[in-house]
Amino acid sequence: MSRTDKNGLTMNGRLELVRRLLEYTRKEWADLLGCSVNLIANIEHGRQRPTSDLLEAISERFPYLIEYIITGQAENIFGEKEKAFLKELASYEPDKVKEILNSKPRKRY
């Protein structure tokens, strides 16, 4: 099920709107984001959902747009708890990340 924003746009529509407002052709947008023109066209026509690789490429080049594209919200206000969590994430060393990823999940009961 596609979620729409206050303008009735889904994520696919928001991607097209952003591209057009930035004045990129589909070819220029695809080249910039490292994907095919067909992928962009399929997304904009609603035949395909954006891939995680595409969303990651957008977030690297346009970090201020990714939240709008995904949620339809133009700004996100983080509380102290969220800010502390993000700060902790940014401070992890590669060895600690590997340790966490290789550990067994804790049971939640």
[atom1]-[atom2] distance between [X] and [Y], expressed to the nearest 0.5 angstrom:
{"X": "Asn42", "Y": "Arg47", "atom1": "CG", "atom2": "CZ", "result": "4.5 Å"}
{"X": "Arg20", "Y": "Leu15", "atom1": "CZ", "atom2": "CG", "result": "12.5 Å"}
{"X": "His45", "Y": "Ile40", "atom1": "NE2", "atom2": "CD1", "result": "11.5 Å"}

Heavy-atom donor-acceptor pair, [X] side chain to [Y] backbone, under 3.5 Å:
{"X": "Arg61", "Y": "Leu33", "result": "no"}
{"X": "Asp5", "Y": "Asn7", "result": "yes"}
{"X": "Arg3", "Y": "Thr71", "result": "no"}
{"X": "Arg26", "Y": "Val37", "result": "no"}

Return the minimal non-hydrogen interatomic distance between Cys35 and Leu39, and the atom names on each side.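 Between these two residues, the closest heavy atoms are CB-CD2, 3.7 Å.
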Check Met11 against Pro50 and note the closest heavy-atom contact, atom names and distance.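 For Met11 and Pro50, the tightest heavy-atom pair comes out as SD-CG, 3.8 Å.
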4.5 Å side-chain heavy-atom contact, [X] and [Y]:
{"X": "Glu28", "Y": "Thr25", "result": "yes"}
{"X": "Asn12", "Y": "Glu44", "result": "no"}
{"X": "Leu55", "Y": "Ile69", "result": "yes"}
{"X": "Leu54", "Y": "Ile43", "result": "yes"}
{"X": "Tyr68", "Y": "Gln73", "result": "no"}

Strictly below 4.0 Å, N to O, side chains only: are Glu93 and Lys96 in salt-bridge contact?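 So Glu93 does not pair with Lys96 through a salt bridge.
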Using the ring of each side chain (for Trp, its six-membered ring), is Tyr24 parallel, tilted or perpendicular to Phe62, with breaks at 30° and 60°?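 Perpendicular: the ring planes of Tyr24 and Phe62 meet at over 60°.
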